[in-house]
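Here's the structure, in structure tokens; my notes come after.
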Amino acid sequence: MTPEQLSTVVRDALASAVDAGEVALADGLPDEVRIERPRARAHGDYATNVALQLAGRAGTNPRVLAETLASRLRGVDGIDAVDVAGPGFLNLSLAASAQGRLARAVVDAGPAYGLSGALSGQRLNLEFVSANPTGPVHIGHVRWAAVGDALGRLLEASGARVTREYYFNDAGGQIDRFAATVYAVARGEPVPAGGYTGAYINDIARQVVERVPDVLDKPPDEALEVFRDEGVELMFVEIRSSLAGFGVVFDVYFNERDLHARGEVDEAIGRLSGQGHTYESDGALWLRTTDFGDDKDRVLIKSDGTPTYISVDAAYYLDKRGRGFDRVVIMLGSDHHGYIGRYRALAAAFGDNPDETLEILIGQLVRLVRDGQPVRLGKRSGNLITLADLVDAVGVDAGRYALARYSVDSAIDLDLGLWARRTNDNPVFYVQYAHARTCNVTRNAADVGITLDATGFAPQLLDHPRESDLLGVLGEFPRVVTTAAELREVHRVARYLEDLAGTYHRWYDTCRVVPPGDEAVSDLNRTRLWLNEATRTVLANGLGLLGVSAPARM
RNA sequence: GCCCCCGUAGCUCAGGGGAUAGAGCAGCGGUUUCCUAAACCGCGAGUCGCAGGUUCGAAUCCUGCCGGGGGCGCCA
């Protein structure tokens with residue numbers, strides 16, 4: 001029996017008590033009865049505080065309500081024991097057979113175990129990374145590369161339709177400075193003020209000259225354009241390929257230039273003006289974002305006649321909405337948190353309810369540390385550490401896992417020494433090792449003739465406390481996935497996997513699948529192989545959600 | 001001055017209002033004629049920053065304060 005099924009059973013018991021007139025609920029039945037795994041084994045396999053929650057509404061005291069439910073639950077098939085404890089908790093213990101059947105259900109579901117329709121019907125646009133094409137992807141972007149990609153997988157697993165999108169700022173002043181820098185370096189001149197530094201600039205300059213050999217003979221204006229177009233293109237190819245090397249591929253790479261070229265920026269400004277949300281002052285056009293909760297108004301068109309980034313963002317927001325997304329999710333670094341107010345104001349100015357159509361996720365700073373000292377210098381980009389530097393130092397799996405295992409609300413220091421280590425103080429190896437171990441058990445079992453054969457599956461034999469523990473953790477997985485998706489908290493999956501890995505290792509230590517020595521193979525051995533395979537399935541599915549590999553051998 | 005995030009064991013961090021606050025690491029002590037010891041078991045370790053409030057019940061929600069990090073352009 002899964003926690004979800006148990007939850008339904010308890011709700012049914014409540015419903016029948018209401019029907020029988022034993023309980024009167026003012027606002028009707030709750031939609032869902034929450035079932036949790038109690039920390040202490042003495043409190044049963046599962047517990048619910050439903051009686052504590054509803055006693056007030058039922059006009060009775062919690063223990064009385066709990067007893068009413070308990071008497072109805074005691075007869076239910078698969079439930080072994082029901083106790084009322086403390087102020088009114090209902091502690092439930094399952095029969096081993098009812099709990100054990102989960103092993104087979106998980107194996108039968110395979111890669112689908114953990115998928116749900118919790119978010120079905122939602123169309124989400126996830127924008128993340130969106131690093132400017134003026135340099136390589138650096139550490140400031142990498143957290144969202146790992147977390148955003150994993151979040152996309154989680155949302156899809158929960159039934160949402162997701163588009164991953166990269167916004168490519170290929171217009172504006174920073175690109176002008178980038179082009180000027182590359183042009184200057186190609187001519188052997190010093191980097192102009194406000195320009196970019198780093199070894200990658202020399203690479204780009206050299207490659208542009210290779211692609212357009214006569215570029216330096218062109219008139220400066222023309223040459224600058226070549227450096228702009230070619231340089232940005234080369235930079236973008238590098239960004240895409242470094243992200244792909246990190247396992248992050250976007251469905252849409254959106255060019256800012258297209259917004260300008262298609263007139264969408266003018267259109268967005270026109271719409272805002274048409275609805276009376278703008279005014280002129282100091283020669284600039286302002287958007288009255290303070291009408292929508294922002295702390296000050298924002299400039300849409302500068303006094304020199306060019307649009308600000310807010311105008312472009314307005315156009316981009318409209319573009320996304322026009323493509324049919326219910327919800328526009330944007331993931332940004334903490335240095336952009338001030339952006340939330342104005343972006344929400346934009347959505348509101350367009351007549352949307354930002355609580356429903358816009359979600360801005362803020363990730364706190366990531367620093368890299370080695371031997372207790374902050375790592376500041378990257379190889380390719382002078383003062384910045386790049387994605388490639390991180391992958392060089394710890395590899396893709398450890399990099400992704402390390403970034404995904406902490407709440408994005410916390411600033412983190414990643415210890416490169418730790419995450420590169422192949423020991424169990426490195427959480428990603430602890431989890432991957434558990435997976436490799438399940439595979440090894442399967443291989444050894446096959447050698448003595450134990451295979452996943454339904455005829456030998458006897459769930460009532462999985463009655464060891466460690467088996468109950470393991471089955472309990474396996475049963476939580478679907479809810480961990482949907483909770484993580486709903487809360488946009490990817491780290492919950494990583495923490496769950498660490499819990500599962502530990503529970504598995506403890507089970508493995510005590511409960512053998514392959515019988516020792518010359519002992520005969522029994523149904524217990526055969527049934528345990530199902531449990532082993534169920535664990536492998538969940539470890540693999542969970543690691544897959546994080547974009548981390550699940551090795552069969554280590 | 002205003003805004004966002006954080007403050008839990010020596011360290012790094014989990015902990016969606018519930019029972020005796022957890023894990024990993026570090027420290028100390030153990031476990032292998034038997035599926036991978038990259039594992040497992042045991043021990044010690046806490047004023048959940050402080051003060052109020054809401055609640056039957058607060059690490060969790062609210063307010064204020066203290067400490068740390070980050071931000072507040074007609075840059076993007």
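For the numbers below, each heavy atom of this structure counts, side chains included, while hydrogens, waters and symmetry mates do not. Numbered from 1 within each chain, the chains take letters A, B, ... in sequence-line order.
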A/Glu476/A/Arg479 salt bridge by N-O under 4.0 Å criterion: no
What about A/Tyr309, does its side chain sit under 3.5 Å from the base of B/A76 through a donor-acceptor pair? yes
Indicate, with a heavy-atom threshold strictly under 4.0 Å, whether A/Cys439 touches base, sugar-phosphate, or nothing. nothing
Taking only the C1' atom of each, what is the distance from B/G1 to B/U8 in whole angstrom? 31 Å
Once you round it to whole Å, what is the distance between C1' of B/G15 and OH of A/Tyr406? 16 Å
Earlier contact from the 5' end, RNA chain B, for A/Ser410 and A/Asn91: A/Ser410
What is the distance from CD1 of A/Ile269 to P of B/C74, rounded to the nearest Å? 15 Å
Under a 3.5 Å cutoff, is there a donor and acceptor pairing between the side chains of A/Asn525 and A/Ser522? yes
Any donor-acceptor pair under 3.5 Å linking the side-chain atoms of A/Thr278 with those of A/Ser273? yes
Categorize A/Ala47 for me: base, sugar-phosphate, or nothing, with a 4.0 angstrom heavy-atom threshold over every strand shown. base
For A/Tyr343 and A/Tyr317, take the angle between the two ring planes, folded into 0 to 90°, and tell me which bin it lands in: parallel under 30, tilted 30 to 60, perpendicular over 60. perpendicular
Over 60° means perpendicular and under 30° means parallel, so classify the ring planes of A/Phe250 and A/Tyr253, tilted if in between. perpendicular
Between B/G29 and B/G44, how far is it from one P atom to the other, in whole Å? 16 Å
Among B/C40, B/G18, B/C34, the nucleotide that comes nearest once only the side chain of A/Leu52 is considered: B/G18
P atom, B/G15 versus B/C6: distance in rounded Å? 11 Å
Round to the nearest Å and state the distance from A/Asp170 atom CG to B/A76 atom P. 14 Å
Find the distance A/Arg63:CZ to B/G18:C1' and express it as a whole number of Å. 15 Å
Give me the residues of residues 328-343 of chain A where at least one heavy atom lies under 4.0 Å from an atom of RNA chain B, by number, or none. A/Ser334, A/Asp335, A/His336, A/His337
Exam field: side chain A/Ser549 to backbone A/Pro551, donor-acceptor pair closer than 3.5 Å: no
Let's test this: given Watson-Crick or G-U wobble pairing with both distances under 3.5 Å, identify the partner of B/A59. none
Over all strands shown, is A/Asn169 touching base, sugar-phosphate only, or nothing at heavy-atom distances under 4.0 angstrom? sugar-phosphate
Whether A/Arg63 engages the ring of A/Phe89 as a cation-pi pair (distance to the six-membered ring centre under 6.0 angstrom, angle to the ring normal within 45°) should be assessed. no
Of all the nucleotides listed (B/C41, B/G15, B/A19), which has the minimum atom distance to the side chain of A/Arg466? B/C41
Please work out if A/Ala411 contacts a base, only the sugar-phosphate, or nothing of the nucleic acid, heavy-atom cut-off 4.0 Å. sugar-phosphate
When rounded to the nearest Å, what value does the distance between P atoms of B/A59 and B/A51 take? 13 Å
Counting any heavy atom closer than 4.0 Å, what does A/His43 reach on the DNA or RNA strands: base, sugar-phosphate only, or nothing? base
Looking at every strand, decide which applies to A/Leu418 at a 4.0 Å heavy-atom threshold: base, sugar-phosphate, or nothing. nothing
Side chain of A/Asp297, backbone of A/Thr289: donor and acceptor closer than 3.5 Å? yes
Under a 3.5 Å limit for both distances, which nucleotide forms a Watson-Crick or G-U wobble pair with B/A45, could you say? none
Write out a two-atom table: protein N or O, nucleotide N or O from nucleotides 22-31 of chain B, distance below 3.5 Å.
| from | atom 1 | to | atom 2 | distance (Å) |
| --- | --- | --- | --- | --- |
| B/C25 | OP1 | A/Asn424 | ND2 | 3.3 |

With heavy-atom distances below 4.5 Å as the criterion, would you say the side chains of A/Gln432 and A/His435 are in contact? no
Between the main-chain N or O of A/Leu332 and the side-chain N or O of A/Trp144, is there a donor-acceptor pair closer than 3.5 Å? yes
Of B/A37, B/G15, B/A19, the nucleotide closest to the side chain of A/Arg437 is B/A37
As a test of reading the structure: which of B/A76, B/G16, B/G18 is closest to the side chain of A/Phe89, going by heavy atoms? B/G18
Take atom C1' in B/C2 and the same atom in B/A26, then report the distance between them in whole Å. 42 Å
Is it the case that the base of B/C74 and the side chain of A/Thr308 share a donor-acceptor contact (distance under 3.5 Å, atom types as modelled)? no
Under a 3.5 Å limit on both distances, the Watson-Crick or wobble mate of B/G67 is B/C6
If pairing requires Watson-Crick or G-U wobble contacts with both distances under 3.5 Å, which nucleotide is the partner of B/U54? none
Pairing partner (Watson-Crick or G-U wobble, both distances under 3.5 angstrom) of B/C72: B/G1
Which of parallel (below 30°), tilted (30 to 60°) and perpendicular (above 60°) describes A/Tyr167 and A/Tyr316? parallel
If I pick the C1' atom on B/U63 and the same atom on B/C43, what distance separates them, to the nearest angstrom? 42 Å
Scanning all shown strands, the Watson-Crick or wobble mate of B/C11 with both distances under 3.5 Å is B/G24
For a quick check of understanding: with a heavy-atom distance under 4.0 Å over all strands, which category does A/Asp282 fall into, base, sugar-phosphate or nothing? base
G-U wobble or Watson-Crick pairing nucleotide for B/A39 (cut-off 3.5 Å, both distances): B/U31
Proximal nucleotide (of B/A76, B/G18, B/C13) relative to the A/Ile412 side chain: B/C13
Answer yes or no: is there an ion pair linking A/Arg228 with A/Asp176, defined by an N-O contact shorter than 4.0 Å? yes
Closest of B/A76, B/G18, B/G69 to the A/Gln364 side chain is B/G69
Testing B/A14, B/C74, B/A19 for proximity to the side chain of A/Ser407, the answer is B/A14
Quantified in whole Å, what is the P atom distance between nucleotide B/U60 and nucleotide B/G7? 11 Å
